[in-house]
Amino acid sequence: MSERTLYAGVDIGGTTTQAVLCDDTLTVLDRAETGTPATLGGRAMIDAALGALAPLLVSTPGRLAGVGVGAAGLVDPVEGRILVASDSFHGWAGFPVTAAVADALGVPAHLDNDVNAFLRGEVSSGAVRDAPDALGITLGTGVGGALWTGGRLFAGPHGAAGEIGHIPGFGDLPCTCGGRGHLETLASGRSLAARYADRTGRTRTAHEVAEAADRGDEDARAVFRAAGAGLGRAIVMAAGLLDLTTVVIGGGVSRAWHLLEPAIREHLAEEPPVSGHPIHLVRAGLGADAVPVGAAARARAETAPTTGEHRGTRPYRAGAR
């Protein structure tokens with residue numbers, strides 16, 4: 001019997017690092033999680049990721065063929081380096097991620113922005129499996145986006161394709177990027193908390209705002225309705241520009257899907273795409289596995305490039321968590 005081929009995927013977030021080990025169908029065979037030592041520098045972060053992955057490799061029979069890494073921030077997927085990282089990370093910008101991983105494991109390693117990896121994972125084995133075209137949106141600390149067109153990831157000539165969180169036209173509130181009125185000012189976890197505080201004067205996390213909404217708090221419900229309406233409007237814009245009618249939404253805020261979905265669908269019903277084709281809207285299916293599975297899918301595509309996957313030649317834009 002031939003030896004089983006394995007692919008590893010790693011998601012390095014600001015708080016936690018997750019690792020999965022997959023077979024060649026991207027079925028997750030085992031997974032592990034550890035804290036991210038974000039303040040200790042790139043080497044410590046990679047060592048933590050490798051430490052999480054090591055016992056999986058020991059306990060799972062097979063031959064490791066490649067490793068993919070998904071990371072928040074601006075990344076160069078060709079050089080395998082972090083270009084720009086938030087101030088939560090120390091010694092991360094400029095760090096040669098893929099070289100460090102490849103040297104440690106002796107197999108090819110590949111780097112993706114986390115939102116691109118999220119969408120790659122959902123298309124490969126998640127809620128929009130085998131979709132030829134899809135828009136992926138992640139709702140976390142910020143709002144991230146990614147595009148899948150013609151059966152491949154599309155990053156754009158400057159790496160900014162899919163950045164739906166930073167399109168204007170959603171009021172006049174200041175955005176974390178320096179702009180004003182971006183979708184992120186309504187729909188991110190940080191913004192949900194801020195909008196609730198604006199209405200009530202009370203400081204709550206996005207999760208706590210969702211709990212309040214479930215208890216009947218009208219201010220909390222209004223904040224989620226505004227976020228859902230904003231998402232619906234942004235999706236219609238994307239559909240009009242790109243003729244995309246499949247949308248998958250994930251990230252931590254999507255756990256409150258029952259609060260977001262009605263407002264999104266209400267807006268989509270009021271302003272359907274000009275194509276006349278309805279939007280196929282789904283919540284992400286892989287949960288916390290989406291980014292590491294997508295990273296493993298990148299490794300599989302690079303190792304056995306039979307899918308026509310576009311590997312990209314430009315940096316990928318900042319993601320969201």
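We number each residue from 1, following the sequence as shown.
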Q.
Within the 4.5 Å heavy-atom criterion, are I264 and I279 side-chain neighbours or not?
A. no

Q: Have a look at C22 and tell me which of T5, V28, T27 forms a side-chain contact (heavy atoms from CB on, under 4.5 Å) with it.
A: V28

Q) Is F224 reachable from I137 through a run of I, L, V, M, F, W or Y residues, each pair having side-chain heavy atoms under 4.5 Å apart? A) yes

(Q) Which heavy atom of G13 sits nearest to which heavy atom of T17, and what is that distance? (A) N-OG1, 4.3 Å

Q: Return the minimal non-hydrogen interatomic distance between G150 and D133, and the atom names on each side.
A: N-OD1, 2.8 Å

Q. So which of V101, V10, V69 actually passes side-chain contact (heavy atoms from CB on, under 4.5 Å) with I46?
A. V101

Q: Run the salt-bridge test on D76 and R81 with the 4.0 Å N-O cut-off and return the result as yes or no.
A: no

**Q.** Least distance between heavy atoms, V115 atom then A146 atom
**A.** O-CB, 3.8 Å

(Q) Can you tell me if R255 has over 12 outside heavy atoms packed within less than 6.0 Å of its CZ? (A) no

Q | Heavy-atom closest pair, residues T176 and E184 | A | OG1-OE2, 2.8 Å

Q | Backbone N/O of V20 and side chain of R31: donor-acceptor pair under 3.5 Å | A | no

Q | Heavy-atom closest pair, residues F170 and A234 | A | CZ-CB, 3.9 Å

Q | Taking every non-hydrogen atom, the tightest pair across A52 and A19 | A | CB-CB, 4.4 Å

Q. So, do P77 and H110 sit near enough that their side-chain heavy atoms are less than 4.5 Å apart?
A. no

Q | Contact list for residues 244-298, test ring pair (Phe, Tyr, Trp, His ring centres under 6.0 Å), sequence neighbours left out | A | none

Q) Do E270 and R233 have side-chain heavy atoms sitting under 4.5 Å apart? A) no

(Q) Tell me whether L192 shares a hydrophobic cluster with L173, the cluster being built from Ile, Leu, Val, Met, Phe, Trp, Tyr side chains joined at under 4.5 Å. (A) no

**Q.** Validation row: W92, V97 side chains within 4.5 angstrom (heavy atoms)
**A.** yes

Q) So, does R298 use its side chain to make a donor-acceptor pair with the main chain of G70 at under 3.5 Å? A) no

Q. Mind checking what makes salt bridge (charged side-chain N to carboxylate O under 4.0 Å, His left out) contact with D130, not counting sequence neighbours?
A. none

Q.
Quick check: do E122 and W148 have side-chain heavy atoms less than 4.5 Å from each other?
A. no

Q. Tell me the ring pair (Phe, Tyr, Trp, His ring centres under 6.0 Å) pairs involving residues 173-209, sequence neighbours left out?
A. H166-H182

**Q.** Lys/Arg N to Asp/Glu carboxylate O, R204 vs D217, below 4.0 Å
**A.** no

